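The structure displayed is predicted, hence computed values, not measured ones. We number each residue from 1, following the sequence as shown. Hydrogens, waters and symmetry mates are skipped; everything else that's a heavy atom, side chains included, is used.
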Amino acid sequence: MKKETKKEIFSWIWTLAVAFVIALFLNHYIIVNANVPTGSMENTIQPGDRLIGFRLSYQKEGPKRGDIIIFNYPVDESEIYIKRVIGLPGETLEIRDAKVYIDHSETPLAEPYLKEEWVAMNDGMTYEIPEDCYFVMGDNRNNSNDAREWETHYVSRDEVLGKAWFRYYPSIKVIK
């Protein structure tokens with residue numbers, strides 16, 4: 001083989017190796033890739049959507065109410081879930097008449113993102129959210145496996161992988 005051919009092959013191998021290392025670094029430390037398998041977040045996110053989350057979003061401060069987070073499912077940490085943050089650390093959350101009330105407020109939480117009126121199976125429930133934990137629910141409350149049904153009821157800060165940033169499939173859209 002000619003010297004130029006060997007040099008060209010080495011150049012391609014080197015380029016591919018560097019690209020592979022950069023992709024691994026980005027995927028492990030900067031972004032999280034998530035596939036949406038169910039309709040629990042409709043109409044905000046649809047089944048089959050693919051999302052990119054930003055792992056560094058919560059380095060200084062934790063999630064805020066209304067953020068859509070990507071996290072390890074508390075019941076089986078090998079699964080990745082996507083839900084909206086409803087309750088924050090230290091708060092008391094009540095579900096009454098299919099509405100969410102925070103810290104014994106008489107005014108329900110405004111939730112314009114909900115898919116439809118929901119039938120609260122958990123009406124009358126009160127949740128005391130521990131420090132460093134979040135209460136999360138899907139936007140499609142009638143069809144969502146979320147904190148209302150889990151034994152622990154909460155997502156710890158350690159389980160949060162990142163904030164949903166944008167959808168890249170089937171089309172590009174910023175997630176809000």
Checklist entry - Is any side-chain heavy atom of Val136 closer than 4.5 Å to a side-chain heavy atom of Phe71? => result yes
Item checked: Tyr169 atom OH, over 12 foreign heavy atoms within 6.0 Å -> no
Sorted by chain and number, sequence neighbours left out, salt bridge (charged side-chain N to carboxylate O under 4.0 Å, His left out) with Glu42 holds for Lys115
Here the gap from Ile70 atom CD1 to Ile52 atom CD1, rounded to the nearest 0.5 Å, amounts to 8.0 Å
By salt bridge (charged side-chain N to carboxylate O under 4.0 Å, His left out), Glu128 pairs with (sequence neighbours left out) none
Between the OH atom in Tyr81 and the CG atom in Asn145, the distance rounded to the nearest 0.5 Å is 4.0 Å
Q) Does the side chain of Pro74 reach to within under 4.5 Å of the side chain of Tyr154, using non-hydrogen atoms? A) no
Kindly determine whether Arg55 and Ile31 satisfy side chain to side chain contact (heavy atoms under 4.5 Å, CB included), including the steps that lead there. CA-CA 5 Å; Arg55 290 184 187 270; Ile31 63 171; 5.7 Å; no
So salt bridge (Lys or Arg N to Asp or Glu O under 4.0 Å) across residues 78-87, not counting sequence neighbours, yields Arg84-Asp139
(message) In the structure I gave you, are the side-chain heavy atoms of Glu111 and Arg141 within less than 4.5 Å of one another anywhere?
(response) yes
Those residues at least two apart in sequence (or on a different chain) that pass ring pair (Phe, Tyr, Trp, His ring centres under 6.0 Å) with Phe135 are Tyr127
Does Ile175 reach the side chain of Leu51, with side-chain heavy atoms less than 4.5 Å apart? yes
Applying side chain to side chain donor-acceptor pair (under 3.5 Å) to Asn33 and not counting sequence neighbours gives Tyr168
Pair Asp146, Ser144: side-chain N/O donor-acceptor within cut-off below 3.5 Å | yes
d(Glu149 CD, Met137 CE) to nearest 0.5 Å is 9.5 Å
In this structure, NE2 of His153 is separated from CD1 of Ile129 (nearest 0.5 Å) by 11.5 Å
The reported gap from CG in Asn140 to CG in Leu114 (rounded to nearest 0.5 angstrom) is 9.0 Å
Original post:
Going by an N to O cut-off under 4.0 Å, is there a salt bridge joining Asp97 and Lys99?
Top reply: no
| task | Could you check if a side-chain atom of Leu161 sits within less than 4.5 angstrom of a side-chain atom of Ile80, using non-hydrogen atoms only? | result | yes
So ring pair (Phe, Tyr, Trp, His ring centres under 6.0 Å) across residues 20-55, not counting sequence neighbours, yields Phe25-Tyr29, Phe54-Trp165
Checklist entry - Do Cys133 and Ser156 have side chains that get closer than 4.5 Å, going by heavy atoms? => result yes
The side chain to side chain donor-acceptor pair (under 3.5 Å) partners of Ser78 (sequence neighbours excluded) come to Asp76
- Item | Side-chain touch Val100/Leu93, heavy atoms, less than 4.5 angstrom | yes
For residues 86-95, the salt bridge (Lys or Arg N to Asp or Glu O under 4.0 Å) pairs (sequence neighbours left out) are Arg65-Glu91, Glu94-Arg96
Applied to residues 43-54, the salt bridge (Lys or Arg N to Asp or Glu O under 4.0 Å) test, sequence neighbours excluded, yields Asp49-Arg167
Residues passing the side chain to side chain donor-acceptor pair (under 3.5 Å) test with Glu8, sequence neighbours excluded, are Trp12
**Prompt:** Do Ile82 and Ile68 come close enough that some side-chain heavy atom pair is under 4.5 Å?
**Reply:** yes
Contacts of Tyr58 meeting ring pair (Phe, Tyr, Trp, His ring centres under 6.0 Å) (sequence neighbours excluded), chain-then-number -> none
Residues passing the salt bridge (charged side-chain N to carboxylate O under 4.0 Å, His left out) test with Lys64, sequence neighbours excluded, are Glu61
